[in-house]
Undergrad: 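The structure's right below; bear with me while I get my questions together.
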Amino acid sequence: MCASQTPACLSFPATSAALLARRATEWGIVGASLRNSDTCDALAPQDCLYTVAIRSGTGAVHRVIGSILDIVVARTDPEGLIARMAASTTRIVSLTITEKGYCHTPQTGELDEGHPDIVHDLAHPEAPRSAPGFLVAALARRKAAGAAPFTVLSCDNLAANGQTVRRIVTQLAMLRSRELGQWIADQVAFPSTMVDRIVPETTDADRADVSAALGVTDAWPVVTEPFTQWIVEDRFPAGRPDFPAASVQLVADVTPFEHMKLRLLNASHSALAYLGYLAGHETISATMADAHFAAFARQVMADAAVTLAMPAGTDVAAYMDSLLERFSNPALKHRTWQIAMDGSQKLPQRLLGTIRDRLQRGFPIETHALAVAGWMRYVTAIDEQGRAIDVRDPLAGELAAIAQQAGPAAERLGPALLDVAAVFGALGADPRMRQAVTNALDRLYEFGARRTLQGLY
Ligand code: CS2
C-alpha cells in the first residue's frame, strides 16, 4: 500500500505484492511526492524497493515490496508528473495526501477558493502545487487529446472521500472552464474507499532495526501492524487490478464503512492523542496502558456506535474490541503528537458528526465534548507543565491567537474556539455544545487530563 509518507501515487496502491507478482507486467505504481524529495531520494538508489515491517507483541515479519516502478517529485518537475498522469497507460490515480491536501473547508467539504495553493494553481494551471491542481491539469490534457480519463481513487480519511474529491476537482475545473468541469463531472469515476492500517511515521530507530533484520540498509522502511482492511466501490471504467486477489472487499457503497472507521477508530485515536499528550504519554500504546484512558476510548466508540447504520452482519462490537487491541499493540510506537496534528481538519468528520447526531436524538455528548476540549487545551500550545507544544495545523496561527487573547480560562477559550466556523459551523453556536465543551475544558484546566479521566471513566 502507498505509505502515508508518500503523498500521491499513480496507477494503484497495491495492498499486496502477490497482486503484482501475479500480474507483474500489467500493473505497477509510479509514486508522486508533491513537496519533499525525501521519499524519492531514499528510494531511488534502492531501485524503489522498500520493506514493510509488520510488528506485533509477538515479533516482526519483514517483506520487501517491489510495486513502485518510479517516483516523481512534483515540486521540481511538475510537467513530469502531469505527463505521467496524462499518459494513456495511467488508468488509476490514487491519493494518500492527508485531509489538508484536499484544500477544502472540512466543515462543508467545498473547495476553499481562497487557499493559497488553489489561488496559485488558478494562476499557473500548467505548473500547479496542489493535488486537485494536478488532477485538473492532467484531466484537461487527456480531454484535449481526446483520450479517456483515468479513475481517481481517494484513499484518505474523509467521509465519502470519492464524492468529496469529485466535488473539489470539479469545482476547481469549473473555475478554469465550464466545459472542462462538466466533462469531469460526466466522465470521471471517483469511487470511494475505506483504507485501514495504522502506519506510524518511520523513525531512525525503525530504520536501524529493519536494516539489522535484513542485513542490508533500507533508507525508507514502513512500519505497520498486522491488521489491514481496504474496502473499495467497484467503479473503474478504465480497468483495475484483480483487487479481490489481494483481499480487497469490493462493495457498491462504502459510506457506512467509512463512517464506522472515522467515528470509531479515528475519533477515539484523536481523543486518546489529545488527552494522552496532555497527560504526558508519548505513544498511543502507552496511553492505552492506563486503564482510565482505555475506558475513555471505549466510551467514545460506544457513543458513536449508536449513530451508525451498518449493513446487516457487521459486527460493530467485535470491531470495537479489535480497535482497543490494535491501539494497545506495544510494538507500534505511534506518537500522540503525530495523531494530534491537523486537528482542525480532522475533528469535523471524526467527532463533530457524532455530536450532531447525538444532539439530534437528545443523547448526552459529554464524552465527545471532552475530546473536543482536549483538542482546545492542546492548541493553546502550552502543556500542563507550562512547556510549549509544537502544534502542527493549517490553522495553528489563528488558533494560538485566539488562545492568547482568551487566556487559560475555559469560559472564554471554549466559546472563542467554538466560533471558528471553518471547524464547527453552526454546531459551535448550539448552547448544549457550548455548555458541554466549556465544562469539560474547565475540568481539564482544574484537574489536568489524567485526573479528569480518572474521575469519569
Ligand atoms: C490516525 C490515522 O494519524 C491519524 O490521525 O488516526 O492515520 C490512523 O492511524 C489510520 O486511519 C488507521 O487506518
Side-chain angles (χ1 to χ4, degrees), residues 1-7 13 15 52 54-56 94-102 106 154-161 164 192-203 206 222-232 247-249 254 257-277 281-285 287-288 293 297 300-301 304 319-320 322-329 331-354 368 371-372 374-375 378-379 390-394 423:
M1 178 156 324
C2 264
S4 54
Q5 288 97 331
T6 307
T15 56
V52 170
I54 302 166
R55 290 190 187 156
S56 67
S94 72
L95 302 164
T96 48
I97 54 175
T98 77
E99 297 85 347
K100 66 179 171 227
Y102 288 81
S154 166
C155 295
D156 283 300
N157 267 330
L158 302 168
N161 51 16
T164 303
S192 286
T193 68
M194 186 275 248
V195 181
D196 185 7
R197 197 166 208 189
I198 294 175
V199 184
E201 194 176 10
T202 302
T203 62
D206 295 325
V222 172
V223 176
T224 188
E225 60 175 340
F227 182 93
T228 176
Q229 188 176 30
W230 195 20
I231 308 183
V232 179
S247 305
V248 176
Q249 285 168 257
V254 115
F257 300 99
E258 187 66 34
H259 271 137
M260 181 171 83
K261 186 200 168 196
L262 284 165
R263 292 187 177 196
L264 299 187
L265 187 159
N266 297 115
S268 54
H269 229 189
S270 288
L272 286 169
Y274 295 119
L275 278 289
Y277 183 97
H281 292 305
E282 183 155 1
T283 63
I284 289 292
S285 53
T287 310
M288 284 292 289
F293 282 83
V300 171
M301 293 182 207
Y319 183 66
M320 284 166 45
S322 81
L323 289 179
L324 293 169
E325 204 181 307
R326 289 167 63 195
F327 290 169
S328 303
N329 183 345
L332 281 192
K333 306 286 176 225
H334 203 179
R335 293 174 70 193
T336 47
W337 176 81
Q338 190 194 342
I339 298 162
M341 235 180 254
D342 296 337
S344 69
Q345 314 292 299
K346 293 174 175 175
L347 253 51
Q349 61 271 20
R350 296 184 178 205
L351 296 167
L352 306 184
T354 297
H368 278 66
V372 173
W375 169 76
Y378 180 89
V379 298
D390 178 8
V391 177
R392 303 279 174 95
D393 192 295
V423 179

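The residues of the chain are indexed from 1 along the displayed sequence. Atoms within a ligand are numbered from 1 in the order they appear, just like the ligands themselves.
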Undergrad: Which bit of V199 is near ligand 1, meaning a heavy atom under 4.0 Å away: side chain, backbone, both or neither?
TA: neither
Undergrad: Give the residue, atom name and distance (to 0.1 Å) of the protein heavy atom nearest atom 7 (O) of ligand 1.
TA: N157 ND2, 4.3 Å
Undergrad: Please could you name the atoms of ligand 1 that H334 approaches to less than 4.0 Å, counting only its heavy atoms?
TA: 9 (O)
Undergrad: Exactly one of F293, Y277, F327 should register a side-chain contact (heavy atoms from CB on, under 4.5 Å) with T287. Which one does?
TA: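 Checked F293, Y277, F327 against T287; only one passes side-chain contact (heavy atoms from CB on, under 4.5 Å): F293.
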Undergrad: If only side-chain N and O atoms count, and only distance matters, is there a donor-acceptor pair under 3.5 Å linking N157 with K346?
TA: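 No, because no side-chain N or O of K346 sits under 3.5 Å from a partner of the opposite role on N157.
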Undergrad: Which heavy atom in V52 sits nearest to a heavy atom in T224, and how many Å separate them?
TA: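 Shortest heavy-atom contact: CG1-CG2, 3.7 Å.
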Undergrad: If only atom types and distance count, is the side chain of T336 paired as donor or acceptor with the main-chain N or O of H281 below 3.5 Å?
TA: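 It does hold such a pair.
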Undergrad: Examine the proximity of ligand 1 to M341 and report which part, side chain or backbone, both or neither, has a heavy atom under 4.0 Å away.
TA: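 Answer for M341: neither.
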Undergrad: Please report which non-hydrogen protein atom sits nearest to atom 9 (O) of ligand 1, along with the residue it belongs to and the distance in Å to one decimal place.
TA: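 The answer is H269 CE1, 3.3 Å.
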Undergrad: Considering Q338, K261, K346, which one's heavy-atom position lies nearest to atom 4 (C) of ligand 1?
TA: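 Closest candidate by heavy-atom distance is K346.
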Undergrad: Classify the contact between R326 and ligand 1 as side chain, backbone, both or neither, using a heavy-atom distance cut-off of under 4.0 Å.
TA: neither
Undergrad: My understanding is that only one of R326, K333, R197 makes a salt bridge (Lys or Arg N to Asp or Glu O under 4.0 Å) with E225; could you say which?
TA: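 That would be R326.
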Undergrad: Pairing donors with acceptors under 3.5 angstrom, does anything connect the side chains of N161 and T164?
TA: no
Undergrad: On a heavy-atom basis, I'd like to know which of D196, N266, T228 is closest to atom 2 (C) of ligand 1.
TA: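 Selected option, by shortest heavy-atom distance: N266.
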